[in-house]
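Here is the structure we will look at, set down as structure tokens.
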Amino acid sequence: MDFPAVNASLNALATILLVVGFIFIKQKKETAHKWTMLSCFLVSSIFLVCYLIYHYQKGGGTPFPQSHPSWLRNTYFAILISHIILAVFVPVGAMVTIRHGLKNNRKKHLKWAKVTFPIWLYVSVTGVVVYWLLYQVPVPS
């Protein structure tokens with residue numbers, strides 16, 4: 001299995017679900033919002049399992065190609081570092097936000113969602129960007 005491509009696809013799907021869930025709540029479609037966000041959490045959880053399996057089997061990370069220009073390497077590492085730091089928050093933030101939503105504790109749900117949503121969205125988008133920079137940008141000859 002091509003885990004990096006699967007992981008990027010799961011991140012892309014999570015991004016779409018996050019945006020759709022946001023649109024649903026802005027339209028006051030609470031049931032659709034709830035199921036979309038629960039689906040997003042499931043997709044993100046599957047991503048995390050696949051990510052951990054891949055890195056366990058591989059025995060670590062994938063080095064960024066040395067032949068890429070330094071500006072691209074610097075951009076990649078800036079995105080990667082911010083992605084990793086913020087990704088640590090997402091599972092906890094998502095679980096707390098979801099828990100408050102399911103318990104109909106709207107004030108706390110909204111408070112957590114205002115922090116969790118942009119971080120989760122950033123992590124999902126940058127997950128795809130990291131994949132693209134690492135695996136899809138052609139290595140100069």
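These numbers come from a predicted model, not from an experiment.
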Verify same cluster id: [X], [Y] (apolar side-chain graph, 4.5 Å):
X: Phe22; Y: Leu38; value: yes
X: Ile119; Y: Leu110; value: no
X: Leu102; Y: Phe41; value: yes
X: Leu134; Y: Trp71; value: yes
X: Trp132; Y: Ile84; value: yes

Validation row: [X], [Y] side chains within 4.5 angstrom (heavy atoms):
X: Leu80; Y: Phe77; result: yes
X: His83; Y: Ile85; result: no
X: Val137; Y: Tyr76; result: no
X: Leu133; Y: Val129; result: yes
X: Met37; Y: Leu18; result: yes
X: Phe117; Y: Thr97; result: no
X: Cys50; Y: Leu10; result: yes
X: Leu86; Y: Val90; result: no

For [X] and [Y], work out which heavy atoms get closest and say how close.
X: Pro118; Y: Ala113; answer: CD-O, 3.9 Å
X: Thr15; Y: Ser124; answer: OG1-CB, 3.1 Å
X: Val123; Y: Asn11; answer: O-OD1, 4.5 Å
X: Trp120; Y: Cys40; answer: CZ2-SG, 3.5 Å

ask   = Run the side chain to side chain contact (heavy atoms under 4.5 Å, CB included) check on Arg73 and Gln66 step by step: do they pass?
value = CA-CA 8 Å; Arg73 287 180 58 78; Gln66 292 287 336; 3.9 Å; yes
inquiry  = Tell me whether Lys29 at atom NZ has more than 12 heavy atoms from other residues, nucleotides or ligands lying less than 6.0 Å away.
reply    = no
message = Looking at Tyr131, I want to see if its OH is surrounded by more than 12 non-hydrogen atoms of other residues, nucleotides or ligands under 6.0 Å.
response = yes
message = Once you measure the plane-to-plane angle for Phe3 and Tyr54, does it fall in the parallel (<30°), tilted (30-60°) or perpendicular (>60°) bin?
response = tilted
request  = Specify whether His109 and His33 have parallel, tilted or perpendicular ring planes, treating 30° as the upper limit for parallel and 60° as the lower limit for perpendicular.
outcome  = perpendicular
Distance, nearest 0.5 Å, that separates CD1 of Ile53 from CG of Leu48 = 10.0 Å
task = First locate atom CG of Asn104, then atom CD of Glu30, and finally report the distance between them rounded to the nearest 0.5 Å.
result = 7.5 Å
